[in-house]
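Numbered from 1 within each chain, the chains take letters A, B, ... in sequence-line order. Just so you know, these numbers use all the heavy atoms, side chains as well, and skip hydrogens, waters and symmetry mates.
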Amino acid sequence: MRNSAWMTENSGMIRLWDWPVRLVHWSMAALIPLMWWTAEEGELERHRQLGLALLFLVLFRLAWGFMGSETARFSSFVRGPRAIADYLAGRSAAPLGHNPLGALSVVALLALVVGQLALGMVAQDEYGMVTGPLNFLVTAEVGEAATEIHEALFNGIIALVALHVAAILYYQFVKRDNLIGPMLSGRKAVNASVAEPRRAGFGALIGALVIAGALTSWIAWGVPPLGG
Amino acid sequence: MIMSTKRAFLVAAAAALLTMPTMAAAPGTIKARQDNFKAMGRSMKMIGDELKKDAPAFAVIRREAAALEKAGARIGKYFPKGSGPEAGVKTEALPAIWQKPADFRAATANLNHATKGLRTAAAGTDASKVRTAVGATFGTCKACHEKFRLDD
């Protein structure tokens, strides 16, 4: 889908976040607490299933970061320290999507969740019975160590999520910039006639879904034929 | 039983003397039993790992099934009086173990029965039979932990 210029110029509303970005975002917001809860309750079979769902979502989001809509692409929002400093000092205007500092938060959260998923893939319960799909490829010692780090790393995720929510609230109430609304509706009101970010097409969506689906299935099945 | 004061005192003194070494040995006992349980978990994992493969190594399954059975048979001696939470070292053993000794023995016997079944299943080369026996064993682990182990 290409942008519709008339809408941009007449209404001052642009489509900022496409629905895959929003769906992944809110699914993660729901899944991460659920994953904590299932672990806490010892519902590890369910924890494992949800983990694979999260793996699929994150892999899709990573693929979408390269082939998705403009504001979803890492190349459109990941910036160096110079750009972050300029943004913080007010020397550069906030871009449409993620600002340079927020981009760091996106990358850090994604990286931590990827690390957590990787550890979860080789983690195991105390019985060695409910295990991550790749746990059978490592020794019990490695599986136990991975499980301990998996538990500890969740504190890092809590810290980053807390920082993320605090930043959103700061923008909402101090800077008077509503970031939550656009993440729900996908639309953002803009003052001037700003060109709507380019949106990815159906082909890219299918491509990202296939990549994420194939990788998730491969891991869930124990990376055949490597697993033996 | 009715006892004279003197006799009761002697019995108490003897009991105190008998339990003293137990109390002192408790941390060592607790460590040994935790290691034993940990080893059981590792045996379970190694059997599970084989069952996930297209061609399970039955030699590994047999070895670990035998180790599991032996470790399970040792459980009884790892819970002397005084080796519970009162021992002053970190343990998830609940007082219920000593309050309901018959139930605890029964739970242990269930495990021993299940691991015997696992050893028998592992003697053959039918992975599905091993899988069923592993499931039964796992069930006895969880059932006992639910009643006698602290849920952290």
query: Under 6.0 Å from the CD atom of A:E148, do we count more than 12 heavy atoms belonging to anything else shown?
result: no
- prompt: Counting heavy atoms not belonging to A:N155, are there more than 12 under 6.0 Å from its CG?
  reply: yes
query: Quick one: what part of A:E126 sits under 4.5 Å from any heavy atom of chain B, side chain, backbone, both or neither?
result: both
- request: Please say whether more than 12 non-hydrogen atoms of neighbouring residues, nucleotides or ligands are located less than 6.0 Å from CH2 in A:W26.
  value: yes
query: Quick one: CE on B:M44 to CG on A:D125, what's the gap to the nearest 0.5 Å?
result: 9.0 Å
query: Would you say the side-chain atoms of B:K45 and A:N135 include a donor-acceptor pair closer than 3.5 Å?
result: yes
message: Taking atom CZ as the centre, does A:R46 end up with more than 12 heavy-atom neighbours from other residues, nucleotides or ligands that are less than 6.0 angstrom away?
response: no
